[in-house]
Amino acid sequence: MSETTWKATACILCSENCGLEVRTEGRRITAVRGDDAHHSEGYLCQKAARLDHYQSHAERLDTPLRRRPDGGFERIGWDQALREIAARLRAIRAEHGGHAIAYYGGGGQGNHLGGVYGSALRAHLGTPYVYSALAQEKTGDFWVNGELFGKQTCHVTPDVEHADFVIFLGTNPWQSHGFPRARKVLKAIAADPARTMVVIDPRVTETAKLADVHLRPRPGTDAFLLAAMLGVIAREGAEDRAFLDAHTTGAAEVLAVLADVDVAAYAARAGVPLADVERVARGLAAAERAVVRADLGIQQSYHSTLNSYLEKLAFLLTGHFGRRGTHNLHTFLLPLIGHSPSPEEDPTVPLTRVTGMRPIAKLYPPNVAPLEIDTDHPERVRAMIVDSANPLVSGADTRAYERAFARLELAVTIDVAPSETAARSHYVLPASSQFEKGEATFFNLGFPENRFHFRRPIFAPLPGTLPEPEIYRRLLVALGALPERFPLLEAAARAHRKAPRARLFPLALAAALKARPSWAPLAPVVLYATLGRALPPGTASAAVLWGAAQAYAQRHADAVRRAGVADTGAGLGEALFEAILEGEHGIALSEHEERDAFSLVRTPDRRVRLAIPSLLDELRALAHEPDVRDPAYPLSLMAGERRTYNANTIYRDPAWRRSDPHGAARVHPADAARLGLAEGDRVAVESPGGAVEAVVTLDDGILEGVVSLPHGYGMDHAGARTGPRINELTQSAHCDPLTKTPYHKTVPIRLGPTRSPLER
Ligand SMILES: Nc1nc2c(c(=O)[nH]1)N[C@H]1C(S)=C(S)[C@@H](COP(=O)(O)OP(=O)(O)OC[C@H]3O[C@@H](n4cnc5c(=O)[nH]c(N)nc54)[C@H](O)[C@@H]3O)O[C@H]1N2
Ligand SMILES: Nc1nc2c(c(=O)[nH]1)N[C@H]1C(S)=C(S)[C@@H](COP(=O)(O)OP(=O)(O)OC[C@H]3O[C@@H](n4cnc5c(=O)[nH]c(N)nc54)[C@H](O)[C@@H]3O)O[C@H]1N2
Ligand code: SF4
Ligand SMILES: [Mo]
């Protein structure tokens, strides 16, 4: 690879995964630009320019580490590390069963292939317990989708780009993105007098400044606000009758509950003028093409699951579903999530042993993980494998996580950097970076067109590191679950690459899995160890996509052909796989037709089931909900704002930031005046769960009584910590009862004088 040429890759910092072209020197990324040939159309934001701070930062791990009894770490070899980990996993499983072992993560914003290979390890160990960041934000949304559309995998994508009436609900896409080319699309909507942008956010965000209408509810009152909006629609008969009759059941029951809402009282409870509520409700109902795009502002807030339901009722009752510029379901090449039936539907659904938590979308909530570990319950979790996540910073209640990790008999962290979670693990396994291995994400969420980008490595692995698929393969070999080599399958795979039509490899694979049934659940790693070896250098991790491409092509043959992949029968899957491997700028997987939209609904009659009894009960109960505040903690903290210079915990070296070095606390000038605080002052932020220190910045765009701190600060780098570690303030019990999603946007706090110097 010539160093002066541009190489295609993708940004790994948010779920957009914009296509990039980069220049490199040695192991460094020296220039970054948007990739015009990628479906992101050359778009990028300011965060991507700094990617070398991820790739080449001073603390990259380059050898497996083992914790010594004194808490320090020693460097050990891969073989020894994997042998020892395998021995401890085997012993824990033998004594306590597979449920004593849990898995956390399996993918971040830019890497999801590792998680698929990790599923083979979980299958061998016999653990269903996957704890994931998604299960501290999106499981309420997934659960509601399951009730409405039949399966929790029926994920809804709003087509913001083509809508003429857009509601941003608890999201600030100018900073967080969440849909393609967000800033361009926002500017286009703002500039077009025929289109309307509504922002529902207590804060005057960058997005709100572009809006035609900005509703500012008091934090945590969205359920009241949304109920009031829907109440207006129900009372005025503004629902889309034709759509409801053709595509839904249960509308009458839902509308009856909504018609009972005391609209004026609920608007007042949310602190929003009644006229604004009516204007937005009527605008939504009258619009030809409208979307509601929601995110953490309603999901990590009071009535999280109910909020997701009301948000979806808003676009369903008004018929904004199944068309361009509205909402659609989409296909998945590989599932990011699964479907978990309720324990009543399927009594074999594995609940957690200590708290009895059920999975949603096959995921378990990080909020209960410490409770499953830090207990004397005989069936507690004793071992945890963490991959691509840093729960010791990102999980609610850092102290609870610290105590829990101290109780683990085995903690293994797979990471590129010495994260706070790695620091509390017994073994740390160094992964190759996301630019040093073939990777992809499963955030491909488009309809009618769905795209996928498998990216090849732009560097060789940093010496001493391994890509996750290889780590899982070696671990399964060390566990005695798989042989080191598969001579027959490997030969069949080589032959298959030359003559796929002979179907030699699929036949050999089927025969091998039949002869060795214990390999079947390990199929991803078997594919990696066989077909992967026959793939072009650096692309072995794509092996699992071969199986996925076959299944996808079979299921969506017409749509795949419409996307330009040509072949027949089994050849279509092969051609799709080849296109994925070759498509360095990403490819179109499928092109559906608008009329296919309802074919993706998974209820038996393909109708959307609008009435969800438990949530209608919660909706009715709003009428009697007291408005309680704790006088000891009179302020409300939004614990986790997305800003110009934060990106989850991916960038660890604070040198990447060009502004906001401290992750300042936004405080309203009136609150500051009352507390005697000025710009730049240090302040202690105290919650019932803990305290952190922060620097004050005055902001009249925040409501009085509200404070906002950013997510993605508080990591340790080169012996120093920058910015607040906000989960030292949060408590896991402060959460949605159904999903356990933390109420991070409404943490009760007070501000007081600091006791110690800011930087530790
Ligand atoms: N720059 C940057 N971008 C990111 C990330 C990052 O770390 N940095 N992380 C990515 C990830 S993992 C995610 S999940 C997304 C999240 O993306 P967003 O959800 O858009 O981001 P947040 O800033 O957490 O919250 C959005 C808004 O919710 C508002 N809000 C707070 N409380 C309430 C409330 O009670 N009601 C309403 N209606 N609004 C409220 C806040 O003022 C804020 O503007 O961002 C992604 N993009
Ligand atoms: N209070 C509060 N807490 C929050 C939030 C909030 O708003 N407020 N936001 C929440 C949200 S929405 C999310 S999504 C989570 C995100 O938090 P996490 O789920 O912890 O995910 P990341 O911050 O992306 O952590 C990624 C880890 O993966 C490592 N990594 C990077 N590349 C690779 C790789 O190729 N392989 C491996 N094995 N590791 C790699 C990084 O070094 C880092 O340690 O945080 C949540 N926590
Ligand atoms: S929007 Fe920004 S952070 Fe997100 S993928 Fe694109 S360049 Fe990266
Ligand atoms: Mo997230």
Side-chain angles (χ1 to χ4, degrees), residues 10-18 20 32 34 40 43-49 51 54 104-105 107-111 114 132-134 136-138 168-173 175-178 181-183 199-203 205 207-208 215-222 225 294-302 307 366 386-396 413-417 419-422 429 431-434 436-437 439 467-468 471 636 638-650 652 702 706 708-712 715 726-727 729-730 742 744-747:
C11 179
I12 59 156
L13 298 172
C14 87
S15 61
E16 284 317 306
N17 302 111
C18 297
L20 301 182
V32 176
S40 52
Y43 178 89
L44 41 75
C45 77
Q46 76 290 344
K47 297 192 290 299
L51 275 168
Y54 162 78
Y104 193 116
Q109 301 293 303
N111 56 325
S132 155
L134 275 174
Q136 48 85 68
E137 50 170 320
K138 297 283 177 284
F168 293 116
L169 175 59
T171 182
N172 179 17
Q175 294 296 10
S176 64
H177 292 84
R181 302 177 300 286
R183 289 174 186 173
V199 168
I200 303 181
D201 193 313
R203 216 158 51 79
T205 61
T207 310
L215 310 189
R216 302 183 69 188
R218 282 174 41 214
T221 60
D222 295 82
L225 175 58
D295 214 329
L296 301 184
I298 61 154
Q299 291 160 355
Q300 292 189 335
S301 181
Y302 294 143
N307 291 341
V386 182
D387 178 353
S388 303
N390 189 7
L392 270 289
V393 168
S394 62
T413 292
I414 304 171
D415 204 304
V416 296
S419 70
E420 291 64 23
T421 306
L429 301 178
S432 307
S433 86
Q434 295 180 47
E436 298 168 349
K437 62 197 174 205
E439 255 301 354
E468 289 81 353
I471 297 176
S636 184
M638 298 170 169
E641 181 193 329
R642 270 68 187 162
R643 293 186 182 170
T644 312
Y645 285 107
N646 61 9
N648 291 353
T649 69
I650 303 169
R652 299 184 57 82
I702 197 139
V706 180
S708 179
L709 281 173
H711 161 67
M715 283 86 77
I726 53 176
N727 282 312
L729 296 170
T730 58
H744 284 326
K745 298 298 187 200
T746 48
V747 177

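Both ligands and their constituent atoms are indexed starting at 1 by order of listing. Values below: all heavy atoms of this structure, side chains included; hydrogens, waters and symmetry mates excluded. For clarity, every value in this text was computed on a predicted model and none was experimentally measured.
Counting heavy atoms closer than 4.0 Å to ligand 1, residue Lys47 contributes side-chain atoms (C-beta onward) but none from N, CA, C or O. Within the 4.0 Å heavy-atom criterion, the part of Asp222 lying near ligand 1 is the side chain and not the backbone. Contact annotation: for Glu468 versus ligand 2, heavy atoms closer than 4.0 Å belong to the side chain alone. The part of Ser301 lying near ligand 1 is the side chain, judged by heavy-atom distances below 4.0 Å. When heavy-atom distances to ligand 1 are checked against a 4.0 Å cut-off, Glu137 comes that close only through its side chain, counted from C-beta outward. The side chain of Met638, and not its backbone, has at least one atom closer than 4.0 Å to an atom of ligand 1 (non-hydrogen atoms only; side chain from C-beta on). With a heavy-atom cut-off of 4.0 Å, Asn17 touches ligand 3 through its backbone alone. If you look at Asn648 next to ligand 1, the close heavy atoms, those under 4.0 Å, come from the backbone and the side chain alike. At a heavy-atom cutoff of 4.0 Å, ligand 2 is contacted by both the backbone and the side chain of Ile414. Under 4.0 angstrom from ligand 2, the non-hydrogen atoms of Asn111 all belong to its side chain. Residue Glu641 does not touch ligand 2, judged by heavy-atom distances below 4.0 Å.
The heavy atom nearest to atom 27 (C) of ligand 2, out of those in Ala389, Pro391, Gly108, is found in Ala389. Remark: among candidates Asn646, Leu296, Thr207, the nearest residue to atom 19 (O) of ligand 1 is Leu296, based on non-hydrogen atoms. When Lys745, Gln300, Gln434 are checked for heavy-atom proximity to atom 33 (C) of ligand 2, Gln434 turns out nearest. The residue from Pro219, Ser636, Ala133, Pro202 that puts a heavy atom closest to atom 40 (C) of ligand 1 is Pro202. When Ser419, Ala417, Gly395, Ser388 are ranked by how near their heavy atoms come to atom 28 (O) of ligand 2, first place goes to Ser388. Comparing heavy-atom distances from atom 43 (C) of ligand 2 across Ile471, Ile726, Asp415 singles out Asp415 as nearest.
Residue contacts with ligand 2: Ser432 is included, with a non-hydrogen atom under 4.0 Å away. Under the 4.0 angstrom criterion for non-hydrogen atoms, Gly640 is in contact with ligand 1. Not a single heavy atom of Gly178 lies less than 4.0 angstrom from ligand 1. Contact annotation: Arg643 has at least one heavy atom less than 4.0 Å from an atom of ligand 1. The shortest separation from a heavy atom of Lys437 to ligand 2 is under 4.0 Å, placing the residue in contact. The closest approach between any non-hydrogen atom of Gln109 and ligand 1 is below 4.0 Å.
For atom 1 (N) of ligand 2, the nearest non-hydrogen atom of the protein is Asn727 OD1, 2.8 Å. Remark: minimum distance from atom 47 (N) of ligand 1 to any protein heavy atom is reached at Ser176 O, 3.0 Å. Nearest to atom 22 (P) of ligand 2 among the protein's heavy atoms is Thr649 OG1, 3.5 Å. Scanning the protein for heavy atoms near atom 34 (C) of ligand 1, the closest one is Gly297 O, 3.2 Å. Among protein heavy atoms, the minimum distance from atom 35 (O) of ligand 1 is reached at Gly220 N, 2.8 Å. The shortest contact between atom 6 (C) of ligand 1 and any protein heavy atom is with Arg642 CG, 3.3 Å. The nearest protein atom to atom 10 (C) of ligand 2, hydrogens excluded, is given as Gln136 OE1, 3.2 Å; this is a heavy-atom distance. Here the protein heavy atom with the shortest distance to atom 44 (O) of ligand 1 is Asp201 OD2, 2.7 Å. Among all non-hydrogen protein atoms, the one lying nearest atom 8 (N) of ligand 2 is Ala639 O, 2.7 Å. Of all protein heavy atoms, the one lying nearest to atom 18 (P) of ligand 2 is Ser394 OG, 3.4 Å.
Thr421 and Asp415 share no donor-acceptor pair across their side chains, judged by distance under 3.5 Å alone.
Shown here for Arg652 and Asn390, the closest heavy-atom pair between the two residues is NH1-ND2, 3.6 Å.
The CZ atom of Arg183 sits 9.0 Å away from the OG1 atom of Thr207 when rounded to the nearest 0.5 Å. Atom OG of Ser394 sits about 10.0 Å away from atom CE of Met715, to the nearest 0.5 Å.
Distances between N or O atoms of Asn390 and those of ligand 2 include at least one value under 3.5 Å. For a threshold of 3.5 Å applied to N or O pairs, the pair formed by Asn172 and ligand 1 contains at least one separation below that value. Residue Ser433 places no N or O, backbone or side chain, under 3.5 Å from any N or O of ligand 2.
Judged by distance alone, with hydrogens and angles left aside, the side-chain atoms of Asn646 form a donor-acceptor pair with the main-chain N or O of His711 at under 3.5 Å.
Close contacts between ligand 1 and His711 involve ligand atoms 7 (O) [criterion: under 4.0 Å to a heavy atom].
For a distance threshold of 2.8 Å, the protein N, O or S atoms nearer than that to atom 2 (Fe) of ligand 3, listed by chain and number, are Cys45 SG.
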